[in-house]
Peer 1: 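Please see the structure below; I have some questions.
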Amino acid sequence: MSTATFLFVLLFVFFIAFMIYSAILLYHWFRFAMSNLVATAAAFSYMGLGFVLLFIMLTMATSLL
Amino acid sequence: MLPADFRPDGLVLLPGETVVSVMRKHWFILFIKVFPYMLAFFLPLVIFAFIPTTNLSQSLIATIIFFIATWMLIILMVIYTVWTLYYLDIWIVTNKRIMDIEQLALFNREVKTLQMNTVQDVQVDVSGIFETLLHFGTLRVQTAGTGGTDAKIVGIPDPALERDIIMQITSQIHNPGP
């Protein structure tokens with residue numbers, strides 16, 4: 001397996017893990033004891049930063065092709 | 001006054017019950033927990049900035065950046081989990097009861113309720129330089145009867161004020177005015 005393939009597999013695994021974990025956190029933020037404003041701000045910052053990092057990972061993996 | 005969309009788990013107000021105070025732990029408690037992860041978040045960037053990359057191949061640099069981003073993604077998830085556990089830890093005082101909602105883990109939640117008319121003793125502990133200077137501490141509420149229903153909240157801001165609020169309510173319950 002080439003390095004690029006390995007990184008794409010890793011990226012896929014982390015993308016799935018991030019999405020599942022996001023669902024769990026968003027559930028907690030919107031379900032329990034929070035105002036919608038705080039929950040929305042947390043969701044935007046968390047998902048925003050997460051997708052930026054995933055995009056960097058995608059770019060780096062793609063550059064190895 | 002609580003925001004309209006505030007909905008802590010287990011809080012259904014009884015007839016004639018009003019919320020007196022809603023408190024979370026002091027921001028310093030969150031800071032102490034998050035700070036190591038913040039360092040860990042930026043550490044690979046700092047290390048990478050000092051590594052001479054002139055001798056490294058482009059593919060190796062891309063791989064290193066990939067793993068730095070992976071590391072930062074993991075730490076990001078941890079930081080938001082720590083913040084979530086902090087934010088969902090709430091202490092609610094109403095004119096009839098005290099609710100200590102403790103988020104131990106993402107799927108481990110403990111809601112403790114103490115009736116105001118059973119409160120016997122409220123103890124405040126402020127120990128250490130940070131607690132003294134930043135005005136936070138530990139509040140312990142002991143109730144009458146057995147069963148271990150006493151509540152304790154660590155790192156509550158201005159614990160003496162919270163103690164006074166509870167003592168004022170219990171005093172009104174035990175000695176109702178004319």
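Letters go in sequence order (proteins before strands), and every chain restarts at 1. These figures come from a predicted structure and were not determined experimentally.
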Peer 1: Within the supplied structure, the quantity of interest is the number of heavy atoms (other residues, nucleotides, ligands) at a distance under 6.0 Å from B:F130 CZ; does it exceed 12?
Peer 2: no
Peer 1: Between B:L104 and B:V82, is there shared hydrophobic-cluster membership here, with clusters defined by ILVMFWY side-chain heavy atoms closer than 4.5 Å?
Peer 2: no
Peer 1: Near A:M19 CE, under 6.0 Å, is it more than 12 heavy atoms from other residues, nucleotides or ligands?
Peer 2: yes
Peer 1: Side chain, backbone, both or neither: which part of A:S45 has a non-hydrogen atom closer than 4.5 Å to chain B?
Peer 2: both
Peer 1: I'd like to verify something: which residue of A:Y46, A:F6, A:F14, A:Y27 has the highest number of heavy-atom pairs under 4.5 Å with chain B?
Peer 2: A:Y46
Peer 1: Working to the nearest 0.5 Å, report the span between OH of A:Y21 and CG of B:L106.
Peer 2: 4.5 Å
Peer 1: Identify which part of A:L11 has an atom lying under 4.5 Å from any heavy atom of chain B, answering side chain, backbone, both or neither.
Peer 2: both
Peer 1: Following the transitive rule for hydrophobic clusters with a side-chain heavy-atom cut-off under 4.5 Å over Ile, Leu, Val, Met, Phe, Trp and Tyr, establish whether B:L85 and B:I32 coincide in one cluster.
Peer 2: no
Peer 1: Within this structure, what is the OG1-CD1 distance for the pair B:T70 and A:I56, rounded to the nearest 0.5 Å?
Peer 2: 10.0 Å
Peer 1: Give, as side chain, backbone, both or neither, the part of A:L7 having an atom under 4.5 angstrom from any heavy atom of chain B.
Peer 2: both
Peer 1: Flag yes if B:V34 and B:L76 sit in one hydrophobic cluster, no otherwise; membership is Ile, Leu, Val, Met, Phe, Trp, Tyr, and two members link when side-chain heavy atoms are under 4.5 Å apart.
Peer 2: yes
Peer 1: Do you know the tightest heavy-atom contact between A:L64 and B:A62?
Peer 2: CD2-CB, 4.0 Å
Peer 1: Has B:Q168 got more than 12 heavy atoms of other residues, nucleotides or ligands less than 6.0 Å from its CD?
Peer 2: no
Peer 1: Linking I/L/V/M/F/W/Y whenever any side-chain heavy atoms sit under 4.5 Å apart, do A:M57 and A:F55 land together?
Peer 2: no
Peer 1: Counting only heavy atoms from other residues, nucleotides and ligands, does the tally under 6.0 Å from CD1 of B:I51 exceed 12?
Peer 2: yes
Peer 1: Run the ring-centre check on B:F107 versus A:H28 and record whether the distance is less than 6.0 Å.
Peer 2: yes
Peer 1: Looking only at heavy atoms, which two atoms of A:L53 and B:M72 are closest? And how far apart?
Peer 2: CD1-C, 3.8 Å
Peer 1: How close do A:A17 and B:M77 get, heavy atom to heavy atom, and via which atoms?
Peer 2: O-CE, 4.1 Å
Peer 1: Within a strict 4.5 Å, meaning less than it, do heavy atoms of the B:F66 and A:T59 side chains meet?
Peer 2: no
Peer 1: Any non-hydrogen side-chain atom of A:W29 less than 4.5 Å from a side-chain atom of B:W83?
Peer 2: yes
Peer 1: For B:K96, is the NZ atom crowded, meaning more than 12 foreign heavy atoms sit under 6.0 Å from it?
Peer 2: yes
Peer 1: Name the region of B:I74, side chain, backbone, both or neither, that has any atom closer than 4.5 Å to a heavy atom of chain A.
Peer 2: side chain
Peer 1: Would you say the side chain of B:L73 lies within less than 4.5 Å of the side chain of A:L49, judging by non-hydrogen atoms?
Peer 2: no
Peer 1: Is it possible for you to say whether B:L161 and B:M167 belong to one hydrophobic cluster, with membership spreading through side-chain heavy-atom contacts below 4.5 Å?
Peer 2: yes
Peer 1: Only pairs of heavy atoms separated by less than 4.5 Å count here; which of B:I68, B:I64, B:I65 has the most with chain A?
Peer 2: B:I65
